[in-house]
Amino acid sequence: MNPLIFTTILMTVLLGTMIVMMSSHWLMIWIGFEMNLLAIIPILMKKYNPRTMEASTKYFLTQATASMLLMMAIIINLMHSGQWTITKVFNPTASIIMTSALAMKLGLTPFHFWVPEVTQGISLTSGLILLTWQKLAPMSILYQISPSINLNILLTMAVLSILVGGWGGLNQTQLRKIMAYSSIAHMGWMTAVLVYNPTLTMLNMLIYIMMTLTMFMLFIHSSSTTMLSLSHTWNKTPLTTTLILITLLSMGGLPPLSGFMPKWMIIQELTKNSSIILPTLMAIMALLNLYFYMRLTYSTSLTMFPSTNNMKMKWQFETKRITLLPPLIVMSSLLLPLTPMLSILD
Amino acid sequence: MLKIIIPTIMLMPLTWLSKKNMIWINTTTYSLLISLISLSLLNQPSNNSLNFSLMFFSDPLSAPLLVLTTWLLPLMLMASQHHLSKEPLIRKKLYITMLTMLQTFLIMTFTATELISFYILFEATLVPTLIIITRWGNQTERLNAGLYFLFYTLMGSLPLLVALISIQNLTGSLNFLLIQYWNQALPDSWSNIFLWLACMMAFMVKMPLYGLHLWLPKAHVEAPIAGSMVLAAILLKLGGYGMLRITTMLNPQTSFMAYPFLMLSLWGMIMTSSICLRQTDLKSLIAYSSVSHMALVIVAVLIQTPWSYMGATALMIAHGLTSSMLFCLANSNYERTHSRTMILARGLQTLLPLMAAWWLLASLTNLALPPSINLIGELFVVMSSFSWSNITIILMGANITITALYSLYMLITTQRGKYTHHVNSIKPSFTRENALMALHMTPLLLLSLNPKIILGFTY
């Protein structure tokens, strides 16, 4: 794509999200979402083939439906409260419709079906933008309306998302689908604590974005989209295998890595609010996620996976430039001692 | 406590910056020096703990375990030299780094005051152990072994996290020193029963309790020698240590909640000892023997009498040294014949007489011969369980007999009789191996002169 056009489109995506996050008028928020959606379609279709077209169409249809549902919720809110400013949504009907719309945008169960298929159909970099940047806008709206969200619906969606994210990823070998199911599960964790302490949602979002960025950067570096091609990295850059190991264990939520911090804080917040069975259930279901991350580490870093003889003499093409990988790695693995500071940031 | 932790952390830059011919010398020497520092902690002036800071403390229970941990690192390094000799330098350094990281987490776990900090470090010990087992183990089954190890432990310990946080809500603080004085009886309710279960299951899986012990033979057999040593000697004791700490907060539910686990342990120790009599795999025999000894510790901890606590602590230290020594002996066989089958390497006394002396001493301490500290531990546990209920003497007596049976079976099969014709060309024992066995045996024998230091806080 022409670099100038690409930059313009990327800036529109950024602008759309910024408009969503910074507006106080509901209509502007809807406009921001639409701007974001329309501008990201060309980015999803960077490579022009039928699979990307299908993925972009699926994404467009689900997100447009969600935007329309959002518009309906805004109008109902306008009817009942008579104003367009963003505050808590007083009318329960509007609140439920808005929560469903935002859940559709985020990919929470039962609206999660588009996430694996769309992520699989697009290139790695577009998948990165889809799974990290696109989550920011809906999450910021959820943060702002958090006092009025119906707790039952949100917790049901959260727990089901963790279940689906865990079980769905178990039979996958395609890395992008694995990252998609991981995203569904993490979104579940984030929304579970939204009503109790929205700061922790933001903390989880921050740590999740760092870890997903790191994983995608490592995948882009080795140009691998399947578990099989990832298992060849020990031939090319053995250090990458160690980095993949650390980041995957962090995503699985193992202490002492920083991926444990959001889970610990969320469990603490939920327990303080006297729900005990729920965090236990969520924590145990996160082990399903850990299982397929472990399978990935087994084929990549902890064994020297069998490869053909000529893998060892592979031509070294020019190495892809990975932006900011060392700080990302450090932040996605070593942040646990900073927990007191990070859990009170607003 | 930082005087032990910071040097241990600094062992990592030491490994990475050492030259190729100095790497083993440097790490072994400095880890021996660190273990000398930790010996000063054994001087516990009163029953109250030595409080070093808000975050670290040491009391008569954790000090012997800490000394055991620091003593084992140089031994693990010495034991790993042979099987790592053919690996490239970076992989050797990675292995030593994993061992050092594990050591740091273990030291911090045994001295943590805040129970959540204990939990995080308890979980953190899983990661280096997992990497050691799956990366440097020798057979394909190691992958499965790593998964079983990780998931059994995590399933047990996630409810512990929730339980610890809810206890913090109830009592306001999880600092162990404070809780000792604030302790109130837990009211009797269903949710407190689940709280008891949530707190104890993590340590039951780690000990391991008989019904949840499936990960242990897999992990011990598939791990390389340093992995087996640290698993048997220290990681199992983490479970015992955790149980000893957390049962102070869990009265009075323990009086009736402990029954199922007591039954499982009493039956399980006989079952696992009997399985040892039919094992063909040497490492598997030692692994099941570990389950059997740890079942005694579980019985002792759940009975909650002063003598049983003394027995539990002594048994933990004694079993740590004995089991680690048995794994080193099994490894010396493995390095020569590359097989763990017992009958493939018989009659070694004719070929390696000094090693046979170490085999004899290890087997004798395993079957708890007087006056070793193994006997002191077992005897205290047997006596206190007899006072708890008279019938247990039958099971305990049967266990002691079967332990003697399989220890002697192991000794006689590997050492006595005519040697097999294909082992008459094995390499003689290295000085390193003899030093390793001596360093295991000497503390064990010397402790029988003054067992007071390992009898824990109820002495």
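Basis for what follows: all heavy atoms, side chains included, without hydrogens, waters or symmetry-related copies. These numbers come from a predicted model, not from an experiment. Every chain is numbered from 1 and lettered A, B, ... according to where its sequence line falls, protein lines coming before strand lines.
- When side chains are defined from C-beta on, A:K272 does not count as touching B:Q168, because their heavy atoms never get closer than 4.5 Å.
- Considering only heavy-atom pairs separated by less than 4.5 Å from chain A, the leading option among B:T134, B:L94, B:L164 is B:T134.
- Note that the CZ atom of B:R135 and the OH atom of A:Y298 stand 13.0 Å from one another [nearest 0.5 Å].
- The shortest distance between side-chain heavy atoms of A:L254 and B:L154 falls below 4.5 Å.
- In this structure, A:Y291 contributes its side chain and B:F151 its backbone to no donor-acceptor pair below 3.5 Å.
- Only the side chain of A:L336 has a heavy atom closer than 4.5 Å to any heavy atom of chain B.
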Walk me through it: do B:I131 and A:L245 pass the test side-chain contact (heavy atoms from CB on, under 4.5 Å)? CA-CA 10 Å; B:I131 298 181; A:L245 171 69; 3.7 Å; yes

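- Between the CG atom in B:N169 and the OG atom in A:S274 there is a gap of 7.5 Å [rounded to 0.5 Å].
- Interface remark: of the candidates B:L147, B:T125, B:L161, B:L147 forms the most heavy-atom pairs closer than 4.5 Å to chain A.
- In this structure, the portions of B:I120 lying under 4.5 Å from any heavy atom of chain A include both its backbone and its side chain.
- Between chain B and the residues A:I267, A:L249, A:L290, A:I284, the largest count of heavy-atom pairs under 4.5 Å involves A:L290.
- Contact check for B:F194 versus A:I276: no side-chain heavy atoms found under the 4.5 Å cut-off.
- A:M294 is listed as a side-chain neighbour of B:L130, based on a closest heavy-atom distance under 4.5 Å.
- For B:L54, the CG atom counts as loosely surrounded, since its 6.0 Å shell holds 12 or fewer non-hydrogen atoms of other residues, nucleotides or ligands.
- Looking only at side-chain heavy atoms (C-beta outward), B:L158 and A:T280 stay at 4.5 Å or farther from each other.
- With a 4.5 Å cut-off on non-hydrogen atoms, B:L143 touches chain A through its backbone and its side chain both.
- At most 12 non-hydrogen atoms from other residues, nucleotides or ligands lie less than 6.0 angstrom from CD1 of A:I277.
- In this structure the side chain of B:E123 never reaches within 4.5 angstrom of the side chain of A:F260, judged on heavy atoms.
- With a threshold of 4.5 angstrom between heavy atoms, B:L150 approaches chain A through side-chain atoms but not through N, CA, C or O.
- Interface residue B:F105: only side-chain heavy atoms are found under 4.5 Å from chain A.
- Around atom CE of B:M257, more than 12 heavy atoms belonging to other residues, nucleotides or ligands sit under 6.0 Å away.
- Within the 4.5 angstrom heavy-atom criterion, only backbone atoms of A:S301 (N, CA, C, O) approach chain B.
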Pair A:W264, B:I165 - check side-chain contact (heavy atoms from CB on, under 4.5 Å), show working. CA-CA 10 Å; A:W264 171 24; B:I165 295 180; 4.1 Å; yes

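- Heavy-atom distances place no part of B:I90 under 4.5 Å from chain A, backbone and side chain included.
- Contact of B:V127 with chain A is made through the side chain alone, with heavy-atom distances under 4.5 Å.
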